[in-house]
Amino acid sequence: MPAHKPAKPSRAEVEKLRREIEEHNYNYHVLDRPTVSDAEYDALLRRLEEIEAKWPEFRTRDSPTQRIGAPPAEGFSVVTRAVPMLSLENAMAEEEFRAWRERLVRAVGSAGEGDYVAEPKMDGVAVELVYEDGTLVQASTRGDGVNGEDVTPNVRTIRAIPLRLMHPAKGAKPPKTLSVRGEVYMPLADFERINKKQMESGEKLYANPRNTAAGSLKQIDPGVTATRPLKFFAYGIGSAEGTTIRSQWDLLQALRRWGLPVNPLSKRCQTIDDAIAFHNELEEKRPKLPYEIDGVVVKVNDFGVQEEAGTRSRSPRWAIAWKFPPQEARTRVLDIEVQVGRTGALTPVARLEPVRVGGVTVSNATLHNADEIEKKDVRVGDWVFVRRAGDVIPEVVAPVKELRKGSLPKFKMPEKCPVCGTRVVRPEGEAVTRCPNFACPIQVRGRLIHFVSRGAIDIEGLGFKLVDQLVTAALVETPADFYKLTVDDLIPLERMAEKSAQNVIDAIERSKHTTLPRFIYALGIRNVGETVAEVLAEHFGSIEALMEASEEELSSIHGVGEVIAQEIRTWTSVAGNRKLVRDLVKAGITFARAPRATSTELAGKTFVFTGTLTKFTREEAEAEVKKRGGKAASSVSKNTSYVVAGENAGTKLEKAQKLGVEVIDEDAFLRMIRR
DNA sequence: ATCCCTCGAGTTCA
DNA sequence: CTCGAGGGAT
């Protein structure tokens, strides 16, 4: 377009443009169904900005362009409200929840028997929004309920919050003055993203989404708040005067019609058991939700019954917050111990005062490596927040620095291996610190355990306890020694009678019949996992050929680069390792033919399995895929053809959805391979 | 030289 | 599951 001046639009045209932008905001934030791309949305907003810049007479305070614009505040003034924002009584367990209902029924008679609304309890910041004639004029934090802080300029930057209410053609118009209550929160993914950025720029990490949301709302400069990905769910109003709304459920629908986001999981419950079921279902969904919740709020639906139930000094009798057991808990670091793995990697692990998190007692949490400890600045004696990452593995989130008394010494990686005393090394640019002593007893033991593990040689009944005993009794030093064991060797060991000893010996015997990839993997060469072992087996066809391979030949293989090639060549040139392979072969190890792909029906397809599979094991499924010429990968990318999701699928499922990868369930997978 | 996809290794608790 | 890093594509 040539740079000619556009004609001045009419007031109606500007208004139409605003409505269009508001509509898109509504679709996106309230209905969660975007109807235009971000780029299209931005284009509309930019056009409006240009018009308003050129013809200032069109500027209005409630225009979508006016989300940022107020100058930084001098601090926050206090807002005093006529109808206080009450807090809720808490219930921690089902009995307490039922007790609440008993009291309710006593207070209001049979009216309290049924008809509730159950809503997720957002873990965010409670705010009140005041709309005058449909325009947002004030926003405040809850504060003590009566007095809150005026955070209007900051709240205006939150896109999920309409600056103007919508007036549906049919249905109740909002009252002249409407105070909406709800929760400002930060989605988990956004929280993680900005924390990652903080980490990269070496800044302080935020403890959790709620604190980050609260901190964002209390920014002096609304420009800063505008950069924070905050969202909002409305759940109530200050007073229902001037409306015809007579129940909580109708209120939620009305809020939604007025253009305010309402949590779609909220549910009307006809009986107390429905509410209990809702709580339990939500607790299960909780780890998969894109935001944090800390419980369920159950309210009496009918406003008339609510009034009858009345309010105690600080909380209404007609509502209760039934909390979930915390997923994040505070505890103390008793010690930081350093473990040594089979490759000699030194891993610091925090020993914690046992604490219940998400239903289990946590007493250990990995701290990964020295950098990680440095980054989080965790010290022995600190109070720390612990959470179960991805549903399972405990993780130290951050120390509570305010509770650090005096000065605690910083953690330092030991200079010597805690097991064998050898001076440890940390190669330039690497995160791990290692003990270089190949003969370090813990490495020896680690290699033995790896050798017998599932996926490797797989000796059933030979676990880490028994390996420990065998090493201590000097019966086993290298994997080849397993094949020299007799029942009489085992019987003197703890918890070993003749029967179990015989079972172990039998299992050892059975393990002699294996496959080449498993055997190569079992050797425990650094960076040679199951996949690389398979590639090597495919290429060389025999262990002897692999043992004689040159570095050049190795690195020419697809999937093997310089690093791995050198690692393998170094390993195969060590006399002890060559002897180990000879001894194992002499002991009678034989290799089954690797099952070749029997069809090509899944050729070119890549599968990723995630979650708890109930109809088959992951190994079986992967074998089926390979048999049909397909590939089984461990992580989801845009190259993935299908993600097969079992129960409780976690981040991989999310990623699949984000990348638009097809997700199928176990049955669909079975149908696919049965054909 | 850089980015993206994978793989490998280490870890927790019931 | 998560992180770091190897390998290959661009």
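Being a predicted model, the structure only gives us computed values, none of them experimental. Excluded from the calculations below are hydrogen atoms, water molecules and symmetry mates; all remaining heavy atoms, backbone and side chain alike, are included. Order of the sequence lines fixes the chain letters, A, B, ..., with proteins taken first and strands second; residue numbering starts at 1 for each chain.
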Select base, sugar-phosphate, or nothing to describe what A:Leu352 touches, counting heavy atoms under 4.0 Å on all strands.
nothing

Below 4.0 Å: OP1/OP2 of B:dG10 and any side-chain N or O of A:Thr343:
yes

Out of B:dC5, B:dT12, C:dC1, minimum distance to the side chain of A:Thr610 belongs to C:dC1

Side-chain contact check for A:Ser637: nearest option of C:dC3, B:dC5, C:dG4 is B:dC5

Does A:Asp371 come within less than 4.0 Å of A:Lys375, counting only side-chain N to carboxylate O?
no

For a quick test of reading the model: is some side-chain N or O of A:Gln339 closer than 4.0 Å to OP1 or OP2 of B:dG10?
no

So which atom in A:Pro414 and which in A:Leu346 form the shortest heavy-atom distance, rounded to 0.1 Å?
CG-CD2, 4.1 Å

Report yes if a side-chain nitrogen or oxygen of A:Thr531 is closer than 4.0 Å to either non-bridging phosphate oxygen (OP1 or OP2) of B:dG8; otherwise report no.
yes

Just N and O in the side chain of A:Thr366: are any of them under 4.0 Å from OP1 or OP2 of C:dT2?
no

Side-chain N or O of A:Ser363 versus OP1/OP2 of B:dT12: is the shortest distance under 4.0 Å?
no

Residue A:Asn369, side-chain heavy atoms: nucleotide from C:dG8, C:dG4, B:dT6 that is nearest
C:dG4

When you measure from the side-chain N and O atoms of A:Lys638 to the phosphate of B:dC4, is any distance below 4.0 Å, counting only OP1 and OP2?
no

Would you mind telling me which of C:dA9, C:dG6, B:dT11 lies closest to the side-chain atoms of A:Ile564?
C:dG6

Between A:Glu395 (CD) and C:dC3 (P), how many Å, whole number?
7 Å

Under 4.0 angstrom between A:Asn639 side-chain N/O and B:dC4 OP1 or OP2:
no

On the nucleotide B:dA9, are OP1 or OP2 found under 4.0 Å from the side-chain N or O atoms that A:Arg526 carries?
no

Salt-bridge present (A:Lys376, A:Asp382; N to O < 4.0 Å)
no

Tell me yes or no: between the side chains of A:Glu94 and A:His279, is some donor less than 3.5 Å from an acceptor?
no

Under 4.0 Å between a side-chain N or O of A:Asn364 and OP1 or OP2 of B:dT11?
no

